[in-house]
Amino acid sequence: MTEASEAYQRDIHRQIAERLKDLVPSDPTLPPHPYLRRHLAEHAAQGEVFDDDHVTPGLLAWESSSQVRRLLAAQDTTNERRQWLCAWAALEPFALNTDPLSRLSSLRLARHATLRPPVETAPAAHPAAFGAPVPVSPLWSDRVVPTPAWTASPAEVTALATLHTSDGTAQKIATGDDTGTLRLLRTDGRLTHIPVHLHSGAITHLLALRGGLLVTAGTDGRVMAVQEEGGRLTHHQVARRERTWVSSLTTYQPHGRPLLLLAAFSDGVVEAVDLGRFHRHPLPLERLTDPSALLCGIRTAGGEQRLLFSARSTVHHYDGSTPEVHCRHQAPVRALIALSQAGRYVVGDESGRVTLCDLEADGPLAVGRHDAVQAGSSPAPVTALHEVVLADGPALVSASGDGTLRLWRLPDLRPVAGVLAAHTAPVNAMTRLPGRRHDRLLSGGADHVVRGWSVDEATFGQEPQTWNRVTACAVSPSAPHLLAVARASRVILRDLATGAETTRVKGRRISALAWLRINGRRLLAVALDDLSIICVDPETNRQAGPPMTGHNLRIRTLVTLPTLLGERLASAGADGRVCVWEPATGERLALFDDHDLTVRCLATHQNAERRLLASGGSDGNIRIWNADTLEQHSPTIKCDQGLINDLAFVTPDDGGPIIAAAGRDGTLKLWDAETREPVRTLACGDGELSAVTSVQLRYGRTALAAAGKTSVHLWDATTAQPLLQIVTGSPITSLKTVQDTDDGTSSILLASGEAGPMAVRLHHSLL
């Protein structure tokens with residue numbers, strides 16, 4: 001197609017998008033026409049007007065083609081008018097099966113999280129987008145919204161490869177995961193075939209060869225060949241060694257021999273087969289001494305083929321007769337790649353070093369660090385290397401076990417300033433995807449996500465924001481509501497009404513927080529790294545009362561415990577202890593050490609008759625204590641959920657208290673606190689449930705909010721009817737709720753996780 005015809009096609013799609021955008025209802029609760037839901041985004045992308053003005057937030061809640069993230073990934077230019085689209089693309093892989101109201105609520109919170117500095121009001125760029133009420137409204141957020149995924153995987157991504165056509169055009173992307181499943185996708189992220197389960201272990205390597213041939217290898221010791229024939233995938237076994245795993249795959253062409261496929265097995269054997277009929281060929285190479293040896297074919301300046309292989313911290317050069325040590329490194333080799341420049345290769349090692357070598361040189365040509373090592377921390381290993389093109393010149397990308405990527409200029413290995421925070425878990429694999437303006441790099445990690453990056457300095461050269469992990473958080477139950485967040489050896493207090501912030505308890509690491517009242521004064525209870533608990537006046541930052549000591553290991557949780565004699569404090573920790581304290585005097589009133597392992601959570605309940613304290617932990621048991629008599633209230637509830645991560649009480653109108661347990665097995669189980677009988681089990685298919693809290697709605701209804709791997713799920717506690725799913729795109733580890741005492745029509749939900757905290761208002765009338 002000529003440039004003129006391409007321009008004509010773009011103009012047609014732009015005009016269509018211009019006409020269609022005005023047909024999207026201004027009320028986001030009204031579904032747009034099916035054609036708009038399925039095709040407006042693609043018309044806008046092909047017309048190069050793929051932005052928030054043409055694909056409005058009101059449409060995103062109903063968009064049914066599930067293609068926003070792939071359309072963004074296909075764009076080679078940045079556009080500041082895509083903030084709503086980028087916010088939605090980060091959530092889209094995890095929101096495919098949610099209802100439009102959940103989508104709209106999640107989008108609203110995700111867009112709010114992108115505003116820096118954090119603000120209290122919803123973004124006003126599209127006031128009509130939220131003209132209709134939604135169940136949640138943002139109060140404050142300090143969350144990091146993840147970069148949109150190119151594709152999301154149900155398992156850890158362990159290998160990537162790009163399959164090319166005969167003219168060198170990228171045709172498909174292959175991904176392998178830790179369950180042994182192979183997926184072939186188009187360059188826009190859509191599946192081309194049904195996923196194929198090839199290995200009984202993880203797929204450790206994918207090697208794309210000419211003619212569309214793909215070779216896979218896994219921890220089951222098998223090497224498989226996969227090819228598309230007649231629109232169907234065919235595969236057969238190339239090699240197998242029992243009770244081994246494949247550590248490396250490469251191609252190698254000895255002098256006067258055909259091109260061979262080499263596979264290194266963990267028992268040291270290297271098998272060679274031809275790429276025609278996959279017949280075995282003898283290779284005069286002794287057994288390797290490193291079970292994790294890496295192989296790499298390399299071309300010399302004279303055009304001959306050589307073989308490199310690693311042996312722990314050394315790289316050997318093999319010319320077909322005798323292997324020789326070529327270079328030594330300070331740590332075991334984790335990545336090895338031959339460059340397009342003849343005779344040159346790069347090594348990444350366990351200590352985070354990236355080393356440029358040449359077969360003709362005795363020592364390394366250049367050495368760099370993937371990232372600077374902070375004092376007191378261990379270096380992250382280099383886990384993968386890949387050569388790319390940067391501004392018509394060669395470049396290298398290194399990946400690390402800390403989830404980051406770094407860009408290096410070749411041929412002198414000069415780093416581009418900045419380290420790209422790409423994944424929340426180690427990066428396992430990378431592959432190159434040629435683009436119109438820039439190369440694109442796909443990176444896959446242990447966080448189950450493949451992300452796409454434009455290979456340019458604007459992307460890789462930006463300094464990443466530094467986010468200190470939240471170690472504890474709490475919101476005060478009475479107005480004005482104060483949010484306390486512990487991170488970086490300090491507590492930040494934020495008034496949710498005014499936005500005013502103050503810093504408290506500086507210089508101490510904190511593991512748990514709770515609000516309580518002593519003699520009418522509002523205090524913040526703080527669990528410190530020296531295993532003591534102190535109460536701090538939020539106004540003066542002065543300690544109120546003596547410290548409370550009695551735990552032997554880290555304190556994991558604090559709760560305010562109402563009793564007949566006023567508010568007390570309960571604590572629990574990794575030593576298996578549950579302690580009850582009199583905060584005014586620092587006296588320990590009770591010690592419950594019945595749990596065999598770590599106590600991970602506490603919950604309280606009160607009515608006119610009794611006040612209860614429940615504890616759950618790593619032993620999988622729930623114990624309920626009488627807060628007035630300081631004795632166990634009822635026999636232990638033995639759950640079958642693995643670890644108990646969190647607890648919450650529910651009080652139905654027609655019976656005694658119910659306790660909800662969030663388990664490692666991904667279920668939320670409700671138990672009768674008196675009879676110890678199971679009431680019901682709720683499941684959302686969102687992985688391990690890490691937190692749960694209850695919300696009192698109108699007309700005596702109670703909702704349960706539980707945090708999974710990608711979302712916060714709300715159910716009606718009585719009917720088990722799903723109410724809302726707030727998609728976060730990253731795990732939430734803590735949920736806390738306080739009732740709005742002003743009118744009782746809303747609650748404040750505080751959610752915190754690895755991406756940071758956020759506070760939202762839940763509107764009861766809309767749940």
Side-chain angles (χ1 to χ4, degrees), residues 157-162 176 204-208 247-251 264 290 292-299 307-310 312-316 326-327 329-359 364-371 379-390 393-416 418-420 422-423 426-433 439-446 450-451 453 455 459-460:
V157 179
T158 52
L160 289 170
T162 303
T204 53
H205 301 281
L206 292 173
L207 182 62
S247 65
S248 188
L249 282 178
T250 192
T251 56
D290 184 357
S292 300
L294 301 177
L295 303 177
C296 180
I298 186 171
R299 180 174 54 88
L307 181 66
L308 301 174
F309 65 88
S310 65
R312 295 179 176 84
S313 59
T314 62
V315 174
H316 296 248
H326 185 259
C327 64
H329 302 272
Q330 296 186 14
V333 175
R334 290 285 299 271
L336 177 63
I337 182 176
L339 300 178
S340 55
Q341 183 175 351
R344 293 201 169 182
Y345 65 95
V346 180
V347 175
D349 66 30
E350 189 80 32
S351 68
R353 288 180 176 83
V354 179
T355 305
L356 175 65
C357 303
D358 192 302
L359 289 177
L365 301 182
V367 180
R369 290 205 63 88
H370 178 90
D371 196 8
V382 175
T383 54
L385 298 166
H386 205 82
E387 188 174 6
V388 293
V389 176
L390 174 65
L396 178 81
V397 178
S398 60
S400 174
D402 62 5
T404 60
L405 302 176
R406 184 153 206 173
L407 184 64
W408 309 79
R409 292 184 178 276
L410 294 174
D412 51 358
L413 201 68
R414 285 183 295 118
V416 171
V419 178
L420 182 61
H423 294 265
V427 181
N428 294 327
M430 296 183 289
T431 192
R432 172 175 168 261
L433 187 62
D439 264 10
R440 291 192 65 80
L441 182 83
L442 300 181
S443 60
V450 178
R451 301 193 191 281
W453 312 96
V455 180
T459 300
F460 282 82

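Keep in mind the model is a prediction, meaning the values are calculated, not measured.
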Donor-acceptor contact present, side-chain Asp439 to main-chain Val455, <3.5 Å: no

Quick one, Thr314 with Asp290, criterion side-chain contact (heavy atoms from CB on, under 4.5 Å). Give me CA distance, side-chain angles, the key distance, then yes/no. CA-CA 10 Å; Thr314 62; Asp290 184 357; over 6 Å; no

For Ser443, what residues pass the side chain to side chain donor-acceptor pair (under 3.5 Å) criterion, not counting sequence neighbours? His423, Trp453

Using ring-ring contact (aromatic ring centres under 6.0 Å, His included) as the criterion, list what pairs up with His326, not counting sequence neighbours. Tyr345

Compare every heavy atom of Ala159 with every heavy atom of Ala429, then report the nearest pair and how far apart it is. CB-CA, 3.7 Å

Distance check, rounded to the nearest 0.5 Å: Thr383 atom OG1 versus Asn428 atom CG? 6.5 Å

On a heavy-atom basis, which atom in Leu207 and which in Thr251 lie closest, and how many Å separate them? CD2-CG2, 4.0 Å

How many angstroms lie between CG in Leu365 and CG in Leu356, if you round to the nearest 0.5 Å? 4.5 Å

Restricting to salt bridge (Lys or Arg N to Asp or Glu O under 4.0 Å), what partner residues turn up for Arg312, sequence neighbours left out? none

Would you indicate whether the side-chain heavy atoms of Leu308 and Thr250 approach each other to under 4.5 Å? no

Shortest non-hydrogen separation from Ala293 to Ser310 and the atoms involved: CB-O, 3.4 Å

Rounded to the nearest 0.5 Å, how far does SG of Cys296 lie from CG of Leu307? 8.0 Å

Using every non-hydrogen atom in the two residues, find where Ala380 and Ser400 come nearest and quote the distance to one decimal. CB-OG, 3.2 Å

Check Leu206 against Gly176 and note the closest heavy-atom contact, atom names and distance. CD1-N, 3.6 Å

Is a side-chain donor or acceptor of Arg451 paired with a backbone partner of Ala422 at a separation under 3.5 angstrom? yes

All side chain to side chain donor-acceptor pair (under 3.5 Å) counterparts of Thr431, not counting sequence neighbours: Thr162

Determine yes or no for a side-chain-to-main-chain donor-acceptor pair under 3.5 angstrom, with Thr404 supplying the side chain and Leu420 the backbone. no

Going by heavy atoms in the side chains, are Trp408 and Val346 under 4.5 Å from each other? no

Quick one: salt bridge (Lys or Arg N to Asp or Glu O under 4.0 Å) pairs with a partner in residues 337-358, sequence neighbours left out? Arg334-Glu350, Arg344-Asp358

Non-hydrogen side-chain atoms of Val388 and Met430 separated by less than 4.5 Å: no

Do side-chain atoms of Gln341 reach the backbone of Pro411 as a donor and acceptor pair under 3.5 angstrom? no

Rounding to 0.5 Å, atoms CG (Leu396) and CG (Leu390) come to a distance of 11.5 Å

d(Ile298 CD1, Leu339 CG) to nearest 0.5 Å is 7.5 Å

For His386, enumerate each residue passing the ring-ring contact (aromatic ring centres under 6.0 Å, His included) test, keeping only those at least two apart in sequence or located in another chain. none

Minimum heavy-atom separation for Leu413 and Val354, please, with both atom names. CD2-O, 3.5 Å

